[in-house]
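Just so you know, these numbers use all the heavy atoms, side chains as well, and skip hydrogens, waters and symmetry mates. All values reported here derive from a predicted model rather than from experimental measurement.
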Amino acid sequence: MAISSHEQTRDRIRRRKEELKAVIVAHNYQRPEVQDIADFVGDSLELARQCTQVDAETIVFCGVHFMAETAAILNPERTVLLTEGSAGCPMADMIDVAELKKWQKRYPGVPVVSYVNSTAEIKAESYICCTSANGLQVVNSVPSDEILFVPDQNLGHFISTQTSKKVILYPGFCYVHHRLKPEQVRLARKLHPEASLIVHPECQPEVIALADAALSTSQMLRHVKASPHSSFIIGTEEGILHRMRQENQDKTFHLLANGQVCRDMKKTTLETLLATMESRQNIITVPEEVRLKAGTAIERMLAVA
Ligand code: 13P
Ligand code: SF4
């Protein structure tokens with residue numbers, strides 16, 4: 001019964017996709033059934049790039065608000081729909097322009113590097129953006145010995161351990177990753193001593209120090225495919241396991257701890273995806289002045305890596 005109703009929903013999504021001349025893109029943390037119906041699944045950098053290359057009138061974004069906003073900034077001539085209007089990112093909301101201005105006053109003239117997990121307004125005030133996949137190259141490309149990194153303190157710290165530049169950290173964090181603790185790493189290693197342990201750079205430095213690698217979500221996917229290991233402990237949002245298991249059926253994957261769930265990423269379902277497409281709701285727009293400035297910071301990033 002549930003299977004046939006899912007099938008009907010999928011058929012209606014496909015039909016509506018044709019009518020809207022749409023492309024459906026999804027982040028690696030989306031629900032398995034949402035990833036499966038998307039035309040493209042990827043990490044933040046891949047999705048930002050993909051959105052500049054699509055041949056479609058409408059981009060249907062299965063993810064959170066800042067991601068759809070990035071797509072809207074790069075595609076002013078296309079309509080961008082977010083598949084759940086209330087899907088935000090608590091980390092992106094940890095800094096607003098008034099707060100950023102206070103930090104800029106404290107560090108006058110220091111260029112701002114903003115993680116793409118930030119609002120369009122913050123991007124517009126930044127010299128350049130970065131993702132977890134290109135953060136080091138981006139920071140090294142900035143023509144200054146000092147940078148102000150917002151909003152993720154953990155990604156900023158991870159980059160600071162690999163660059164000669166002074167990285168000033170804003171104290172934002174992602175609750176899904178920040179809550180992972182060294183004791184959980186030790187316990188997971190005890191339970192699965194043969195496994196390779198990889199985490200996301202949004203984890204705390206003490207956790208990253210105990211891991212075998214810290215990688216963006218798509219870097220993780222490439223890493224596990226190429227690795228000689230047959231078992232892995234994964235320290236990021238659980239949605240990533242879907243593709244990992246699909247693409248590596250001979251390998252075993254364990255989550256580092258329970259509760260690695262981003263509530264906002266999970267708001268999108270096949271039903272919200274269909275409802276969004278049927279009523280063309282949740283259209284994401286960015287005021288032109290902000291779009292132009294934020295676009296410069298994103299384009300600068302895309303030129304680096
Ligand atoms: P990446 O997919 O770029 O690694 O980002 C993880 C994330 O937290 C997105 O919200
Ligand atoms: Fe934001 Fe973390 Fe969710 Fe990514 S996983 S959208 S950083 S809260």
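Remark: side-chain polar atoms of Lys166 are not paired, donor with acceptor, to backbone N or O of Asp145 under 3.5 angstrom. Judged purely by atom type and a 3.5 angstrom limit, Asp264 has no side-chain atom pairing as donor or acceptor with the backbone of Cys89. In this structure, Arg78 contributes its side chain and Val54 its backbone to a donor-acceptor pair below 3.5 Å. Of the possible donor and acceptor atoms, none in the side chain of Lys267 sits under 3.5 Å from a partner among the backbone N and O of Gly85. Using a distance-only test at 3.5 Å, with no hydrogens or angles considered, no donor-acceptor pair links the side chain of Asn248 to the main chain of Asp250. Thr83 places a side-chain N or O within 3.5 Å of a backbone atom of Phe61 that can act as its donor or acceptor partner. Listed for the Ser279 side chain is a donor-acceptor partner under 3.5 Å among the backbone atoms of Ala275. Not a single donor-acceptor pair under 3.5 Å links the side chain of Asn134 to the backbone N or O of Cys130. Put simply, the side chain of Glu206 never gets that close to the backbone of Pro182: no donor and acceptor are under 3.5 Å apart. Of the possible polar contacts, one joining the Gln162 side chain to the Phe158 backbone as a donor-acceptor pair under 3.5 Å is found.
With rounding to the nearest 0.5 angstrom, the CE atom of Met91 is 8.5 Å from the CG atom of Asn154. Here the CZ-OG distance, from Phe149 to Ser160, works out to 10.0 Å after rounding to the nearest 0.5 Å. Rounded to the nearest 0.5 Å, atoms CD (Glu121) and CG (Asp96) are 9.5 Å apart. Considering CG of Leu273 and SG of Cys62, their distance stands at 4.5 Å, rounded to 0.5 Å. Separating the OG1 atom in Thr276 from the CZ atom in Arg16 is a distance of 11.0 Å, to the nearest 0.5 Å. Asp152 contributes atom CG, which lies 12.0 Å from atom OH of Tyr170 (distance to the nearest 0.5 angstrom).
Exactly one residue among Glu237, Gln30, Glu84 makes a side-chain hydrogen bond (donor to acceptor under 3.5 Å, both in side chains) with Lys266. That residue is Glu237. Partner of Ile298 under the side chain to side chain contact (heavy atoms under 4.5 Å, CB included) criterion, out of Thr52, Val116, Leu74, Ile128: Leu74 alone. The ring pair (Phe, Tyr, Trp, His ring centres under 6.0 Å) with Phe173 is formed by just one residue from the set His200, His157, His178; it is His178. Exactly one of Leu20, Thr285, Ile283 qualifies for a side chain to side chain contact (heavy atoms under 4.5 Å, CB included) with Thr79. That residue is Ile283. For the side chain to side chain contact (heavy atoms under 4.5 Å, CB included) with Cys203, the qualifying choice from Leu256, Leu180, Leu210 is Leu180, the only one to do so.
Chaining together hydrophobic side chains whose heavy atoms lie under 4.5 Å apart places Leu221 alongside Ile198, Leu215, Met220, Val224, Phe232, Ile234, Ile240, Leu241, Met244, Phe253, Leu255.
Side chains of Glu146 and Ser144: no donor on one and acceptor on the other come within 3.5 Å. Judged by distance alone, the side chains of Thr217 and Asn28 do bring a donor and an acceptor atom under 3.5 Å apart. Between the side chains of Ser114 and Ser126, at least one donor N or O lies within less than 3.5 Å of an accepting N or O.
Taking both residues in full, the closest heavy atoms of Leu169 and Gly156 are given as CD2-C, 3.3 Å, listed atom of the first, atom of the second, then distance. Residues Ser118 and Lys123 share a closest heavy-atom pair of O-NZ, 2.7 Å. Across Ile147 and Val139, no two heavy atoms sit closer than the pair CD1-CG2, 3.9 Å. Here the closest non-hydrogen pair linking Val304 and Gln137 is CG1-O, 3.7 Å. Ala68 and Ile284 make their closest contact through CB-CG1, 3.8 Å (heavy atoms, listed as atom of the first residue, atom of the second, distance).
Counting heavy atoms of neighbouring residues, nucleotides and ligands inside a 6.0 Å radius, atom CD of Glu289 does not exceed 12 of them. More than 12 non-hydrogen atoms from other residues, nucleotides or ligands lie less than 6.0 angstrom from CZ of Arg49.
Classified by interplanar angle (parallel below 30°, tilted 30° to 60°, perpendicular above 60°), the ring pair His27/Tyr29 is perpendicular. Ring orientation note: the planes of His254 and His192 are close to parallel, at an angle under 30° on the 30°/60° scale.
Using a 4.0 Å cut-off between a side-chain N of Lys or Arg and a carboxylate O of Asp or Glu, Glu33 and Arg10 do not qualify as a salt bridge.
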